[in-house]
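What follows is a set of notes on a single structure, which appears directly below.
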2 protein chains.
Amino acid sequence: MSIRDLARHLDISIGTVSRALNGKADVNPETRERVLEAAKRLGYVPNQSGRSLRQGTTNTIGFMIESTIETADAGGSFFMPVFEGVQSVFRRHHLDLVALLCGTDEDPASYLNRVVGRRFVDGLIISATMRHDPRIDFLLERKIPFVALGRSATRGDYSWIDLDFEGVAATAVTRLAGFGHRRIAIGTPASDLNLGYVFLDGYKRALAANGIGFDPSLILPANGNEEGGYQVACRLLAQEPMPTAIILVNENMAVGLYRRLYEAGLQPGRDIAVIGFRESTQSRFLSPTLTCFRISLRDLGIKLAEAMLSALPAFEGQYPRETVELIWPMQLVSGESDRPGSPSGLA
Amino acid sequence: MSIRDLARHLDISIGTVSRALNGKADVNPETRERVLEAAKRLGYVPNQSGRSLRQGTTNTIGFMIESTIETADAGGSFFMPVFEGVQSVFRRHHLDLVALLCGTDEDPASYLNRVVGRRFVDGLIISATMRHDPRIDFLLERKIPFVALGRSATRGDYSWIDLDFEGVAATAVTRLAGFGHRRIAIGTPASDLNLGYVFLDGYKRALAANGIGFDPSLILPANGNEEGGYQVACRLLAQEPMPTAIILVNENMAVGLYRRLYEAGLQPGRDIAVIGFRESTQSRFLSPTLTCFRISLRDLGIKLAEAMLSALPAFEGQYPRETVELIWPMQLVSGESDRPGSPSGLA
DNA sequence: GTGAAAGCGCTAACAA
DNA sequence: TTGTTAGCGCTTTCAC
C-alpha cells in the first residue's frame, strides 16, 4: 500500500494525496476529508524511507546507550524513566525516539559513525560521556545535532546536561563533617567516565572547605553496580583505621555495600556513615534507610528533549537555537544510614 | 557525500562503486580496492533511506518495550542483558537492533501500526505479551516477521520464547510443600500480562500434585516492582492465619517484601518462607540470601535473535524457516530465605 | 485546487 | 568488467 495505490483508489493525483495528508493549505477541504478517510480505512502509513530520501530527515532521534559492565544490568533502571520523559516531549512534535544499543564488543565511535553516516536519525543523545570523548569531536565535525547526557573535557559548542556531582559531593562531605567525620571515603567509577573526575574534584574542594586533609587512600574505585559496592565495603573493612564514612557515586553500589557490612556485623548509621548516590526503587527499601539524593529522571528526560529540539534546524521556529549547559540539581533525602538514630526494623 | 560524489571522485560509474562496496563478484579486484580505500578515506557510508527504498529492507530489527509502571524503573535491568545477547547475533549478520520505546501515554497497537507502516524495521521482537494480544493478530495479518518474548492466548503461526513460569511454580510449590508448608501464597502481576495466568495455572497444578487445596485468598496481585512487593507483604501480614510461605513472580518484588517483613520484625527463612523469582544483581545481595531462579538473559537474547532470523525471508538460506515455541528453563538457586538455617549477617 | 514531473541515494537489470 | 538507466515512495515545484 503506497501513496500511488491510495491515489489510484481515490482517482486523484498522488501529489494531491500527499498534500492532503501533510496538511498543506492549498487543498480542497472536501478532498482532504476523502483522502484522510481512505488512508485511515485502508491503513495507509507513509513509507519512512521514501519521505526521508526526499526530505533529508527521518523524524527519528537516537539515544545511544552502551551496554558496558557498568550499565548492563543496572543502567536500565536509570534510562527507562529518562526515555519516558524524552518521549513525552518528542511525541508532541511527531518525533520518534529509538534507543541505539552499542554492544560491548563494538567500538562506540565506529558504531556512531555507522548510525550517522546512514542518516538513520536526525539527532542524537549520547550518554556515559568520557573525560575525553571522541564521539563529541566526531559529531561536531559532522555537524550532527546532538545533546550529551554528561559533561566532558572535550570542548566545543554543544549542549550538555549533567547531574550535579560536585553538589552531591559538597553536600555529603559537609553533612558528614558536621556529624564529626574526618575520614570520609568515596566509591567512584573505575572507568574513565567523566563523572568520576567531576565527583572527585567536588569531593576535594568540599574537604578543603571543611578543613579536612585529602587522603588518596580513601578513594575506592569500583564498578558501578552491586558487586562494586561489595568490593568497596571489603576495601573499607581492610583499612586501618577504618574510615568512618563513605559516599557512593552510583546508586547500585549501596545494595552490595550494605550486604558486606552486614556480613561483617556492621550497621550503616551506627558503625559507619553511608551516603548513597541516587535514590532508587531499590534504595528506598534498604534497612536502615539510605541517605541519598533525589532526582526526577523524567524531568531530566524532558529537559534533554528540549535541548535536542533547540539543536535541530527543523525546529528553529519553536525552539530557538540555544546551547544548553545545565547542571541538574539533586535533592538530599535524609535517611538513617549516615548518623546514629533509630534505624528501623533491624535489631 | 553520496555515492555519486564518490563515483565522481574516482572517475568511475556509480554502478561500479555500488557493486564494489557491496562485495559483488563481477568487479575488478583493483577497482574494488580503490573504491573501498576512497570510501574509507572520505568517510562514505551509504544512506540507509536510499538503500531501503530500493531494496525494501532496512537491515534493522526493532525490539519493542513498553515503559509501563511495571517496566519503568525495573524493566531496564531485565532487558539490557537480553539486548546484549540479541545484538551479539545480529552483528554477525549486519543487522542493527533498535529499542522501540512505546511511551506510557501511547497505545501499543497504534504505535506498532506506525512503526510497521513506515517500514522502519524488517522485523520485530515484542515483549510483555498480554493474554489476548492484538499486536500478534496485527503482525500476523500484515505478515511482518516477528518473535514474541512471552506466550499469549492469541494463536497463530509465530515464534515465541517464554520463561518457564509453570516450572518455577511447580519447583517452588513442591519444594515448600516438602518443607511442610500448606498455606503458600503467590505474588502475581496485577495486569493482564499473560505470564500471570501461566504462573497461576502452574501454581494450581502444583498444589494439586502435592495434595494441597487451592485457596483464592492466597493470590496476591500487585505491581511488579519493589512497591508491589511491599504491598504483598502488607497483605500477607494482614491475613489470619498468616500464610507460611510466599512465592513471587517478579524479581523486583523481593526487595520491598523483605523491607516490610523487617519492619514487622519477621525474617525470611525463619518466620516465613520466601521464594523469589529471577536471580538479579539486587537479589544476590539480600540478607538472608534469597532462594530464587537463575536464567542467562544473554542466552535468552541469543535464542530470540536466532528465532528472529528464522522468521526473516532474507535469511532463509542460513536460518531455515522455523516456528520456535520455546519455554526457557530456569534453575533453582537455593538460598536461606525459604527454610530455617543459618541466615547470614542479620541477628 | 489539482496534475505532471523531477529527483532525493541507492541497487539491479541490462547493454556494451 | 564497466557504464547506463529505471525505479523504489515520497514531496515539492511548476504549470494549468
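By convention in this document, chain letters (A, B, ...) are assigned in the order of the sequence lines, proteins followed by strands, and residues within each chain are numbered from 1. The figures here come from the full heavy-atom set of this structure, side chains too, leaving out hydrogens, waters and symmetry mates.
Using a 30° and 60° split on the angle between ring planes, A:F79 and A:F83 fall in the parallel class, below 30°.
Using a 4.0 Å cut-off on heavy atoms, the residues of residues 4-17 of chain B that approach DNA chain D are B:I12, B:S13, B:G15, B:T16, listed by number. At a non-hydrogen distance threshold of 4.0 Å, A:G50, A:R51, A:L53, A:R54, A:Q55 from residues 48-59 of chain A come into contact with DNA chain D.
A donor-acceptor pair under 3.5 Å is formed between the side chain of A:S152 and the backbone N or O of A:M130. Side-chain atoms of A:R19 never come within 3.5 Å of backbone atoms of A:V27 as a donor-acceptor pair (strictly under, hydrogens ignored).
Nucleotides of DNA chain C nearest to B:V45 and B:D26 differ in position, and the one nearer the 5' end is that of B:V45. Position along DNA chain D of the nearest nucleotide to A:I3 versus B:A25 favours B:A25 as the more 5'-ward residue.
The CZ atom of B:R19 sits 11 Å away from the P atom of D:dT4 (whole-angstrom rounding). For the pair A:K24 NZ and D:dC10 P, the computed distance is 15 Å after rounding to whole Å.
When each of B:I125, B:I136, B:L312 is tested with B:F146 by the rule side-chain contact (heavy atoms from CB on, under 4.5 Å), just one qualifies, namely B:I136.
Taking the six-membered ring where the residue is Trp, the centroids of B:H9 and B:Y44 are separated by 6.0 Å or more. Centroid-to-centroid, the aromatic rings of A:F120 and B:F120 come within less than 6.0 Å.
Between A:E66 and A:R135 there is a salt bridge, since at least one side-chain N of the basic residue sits less than 4.0 Å from a carboxylate O of the acidic one. Residues A:E37 and A:R41 are paired through a salt bridge, judged by an N-O separation under 4.0 Å between the basic side chain and the carboxylate. Note on B:D96 versus A:R114: salt bridge recorded, some NZ/NE/NH1/NH2 to OD/OE distance being below 4.0 Å.
Around the CZ atom of A:R4, the shell of radius 6.0 Å holds no more than 12 heavy atoms that belong to other residues, nucleotides or ligands. Residue-environment remark: CG (A:D11) stays at or below the threshold of 12 foreign heavy atoms within 6.0 Å.
Across all strands, A:S2 comes closer than 4.0 Å only to sugar-phosphate atoms, never to a base (heavy-atom distances).
The footprint of chain A on DNA chain C, defined by a heavy-atom cutoff below 4.0 Å, extends from C:dG1 to C:dG9.
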